[in-house]
Amino acid sequence: MLRTHTCGELNMAHVGLEVTLSGWIQRSRDMGGLTFIDLRDRYGITQLVFNLESNSILCMEARKLGREYVISANGKVAERSNKNPKMKTGDVEILVDHFTVLNVSKTPPFTIEENTDGGEELRMKYRYLDLRRNINRKNLELRHRMGIETRNYLNNKQFLEIETPYLIKSTPEGARDFVVPSRMNTGQFYALPQSPQTFKQLLMVAGYDRYFQIVRCFRDEDLRADRQPEFTQIDCEMAFVTQEDILHTFEGLAKHLFKTILNIEMDDFPRISYDQAMKQYGSDKPDIRFGMTFTELNDLVKGKNFQVFDHAELIVGINATGCSEYSRKQLDELTDFVKRPQVGAAGLVYIRYGADGTVKSSVDKFYSHDDLKIILEAFNAQPGDLILILAGKEEKTRNALGTLRLEMAKRMELIQPGIFKPLWVVDFPLLEWDEETRRFYAKHHPFTSPKQEDIPILETNPGRVRANAYDLVINGTEIGGGSIRIHNKELQQKMFKILGFTDEEASNQFGFLMNAFEYGAPPHGGIAFGFDRWSTILGGCDSIRDFIAFPKNNSGRDVMIDSPSAISEAQLKELGIKLALPVPLVKAQKVRFQKE
Ligand code: ASP
């Protein structure tokens, strides 16, 4: 046997026992006549001791072992004289009688410790070494438990886990598809699914009324920070349900995960409409761990000859409580912050309500003391507060103030770790107007059903139509979203028309779905959660890469296996693909591992 126990389980109850442990050498120390080795495996670390006096040959051999060597050691469990209360196994050590080197190791390119000296790129290249670090192991364990608990919860509620294909058909809506050339159908391509959306709807038509899948999805998007080209969803669909049923079922899942993973009992989640979220927080994924909601000032500030406000569609502000002492420099920093192209405000107006009751603003020229006092009242401001105001086009200004609100929360240290504030955002608009292409896009996706009461204005005022669509947001991050679906062919056709599809295009792309709707499609709806992101939030971290075993970097590359990469001329030929650009040369014939 290469081991009788793991490196994480021995304690005082095992003292005197003869054991064999196997693992990696974390570090070793020579202290006079003794050599100590910390042996590590997935479960923990146990200290091995070698005594120069009682067994000098063994001890000298042990001193030759390097970091990350794999050894198997056997000996007696003994009580430590110098206990380490920080370690689970810190009360004991192994007095080694014998060990075997199972494999040697080069010196690792970075230290495999809690705080490593390796930069991200290096750790990605040697991801298998990075994964030896405790922190990564804990993250993957949490992800595993989340998967198990998700399956438990949904299984108990009669959901069936059903797999859907990965090689599907490219469709124009949504993000860009990853495509896969078909060798057997030269010149034709599969697409990898951006989500199993249409398949799960077909499963509802097929009568499987509760489906889920923990499933990989692929989106060829320009990579924004912390996006992965392939990511995992907890994808769910239910038939014979209303929006209320879905929110209830999946709030249950969220509470179950909070309870089983973090041992936190959650109250019912608040709900807020999309419109309200935008008005109060300037975001459809508000972080409600802190207040600082918006106050609109159009009625109070117009008509005082301040052109910026007079010409603005919206004048809106927040109260940064207790920040009246912000220096000129700090205010300039905030002004620069809101003027950055990503935020896009033209400028920042402030009103300082000094602790001594004095009022000072950047618009004193236009507003009397009394005018300013009225504005302060609108914010419920107290002496010591600082009011920050933006003005301009409605949507842009709301978004900009939303970003400033988050920035202020950071600066004011309002966000405490370990606090979770989930909420549902409901009543999303069905469509979104794009100024550049001058057409409507589906806000969620083209299968989302408009609210019954808004169907009459679908053709006359599409921009105002609300959808039965909802998002689950936790701590300002969208964790999941879904909708009640259209299950009627005519309505689906109408929807495609509004989205600019010709009848022919709609039937080429989605004919299979609309045909299915003619064979007794039940009312249905669903939701999908970002599994990587949800794990990350519950793990109290920021980057989803930390919760994916083998993630891609910010340019969508896997630097460990060096992918994507060119393929050989022969492969291209077989696929009937001629590259317009010169092909980077790929050496030699592909090595085949098996005879075909
Ligand atoms: N398929 C959708 C998505 O990937 C989620 C849903 O509507 O269920 O966002």
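We number each residue from 1, following the sequence as shown. When a ligand or atom number is given, it counts from 1 through the structure's own listing order.
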- request: Establish, for the pair R123 and Y126, whether the NZ or CZ atom is under 6.0 angstrom from the six-membered ring centre and no further than 45 degrees off its axis.
  value: no
- request: State, yes or no, whether a side-chain contact exists between D546 and I135 at a heavy-atom distance under 4.5 Å.
  value: no
task: With heavy atoms of A528 as the reference, note each atom of ligand 1 found under 4.0 Å away.
output: 5 (C), 8 (O)
- line: Taking only non-hydrogen atoms of I527 and a 4.0 Å limit, the atoms of ligand 1 in range are 8 (O)
task: Examine the proximity of ligand 1 to R485 and report which part, side chain or backbone, both or neither, has a heavy atom under 4.0 Å away.
output: side chain
message: Show the atoms of ligand 1 that are less than 4.0 angstrom away from any heavy atom in S195.
response: 1 (N), 4 (O)
field: Distance flag, aromatic centroids of F510 and F447, threshold under 6.0 Å
entry: yes
- prompt: Quick one: is the NZ or CZ of K494 closer than 6.0 Å to the six-membered ring centre of F496, and within 45° of its axis?
  reply: no
- request: Quick one: sort the Y274 and F428 rings into parallel, tilted or perpendicular, breaks at 30° and 60°.
  value: tilted
K200 neighbourhood, listing ligand 1 atoms whose heavy-atom distance to it stays under 4.0 Å: 6 (C), 8 (O)
message: Can you name the atoms of ligand 1, numbered from 1 with element, that are less than 4.0 Å from a heavy atom of R219?
response: 3 (C), 4 (O)
- prompt: Polar-atom distance check: D235 versus ligand 1, any N or O pair below 3.5 Å?
  reply: no
message: Students should be able to answer this: which protein heavy-atom is nearest to atom 2 (C) of ligand 1, and at what distance?
response: Q197 OE1, 3.5 Å
query: Hey, is Q201 one of the residues with a heavy atom under 4.0 angstrom from ligand 1?
result: no
message: Heavy-atom pairs closer than 4.0 Å: do any link ligand 1 to the side chain of H444, the backbone, both, or neither?
response: side chain
- prompt: What distance do F420 atom CZ and L262 atom CG have between them, rounded to the nearest 0.5 Å?
  reply: 5.0 Å
query: Has ligand 1 got any nitrogen or oxygen that is less than 3.5 angstrom from a nitrogen or oxygen of Q233?
result: yes
message: What I want to check is whether the side chains of Q493 and D503 have a donor and an acceptor closer together than 3.5 Å.
response: no
query: Looking at side-chain heavy atoms only, is the closest gap between L131 and R137 below 4.5 Å?
result: no
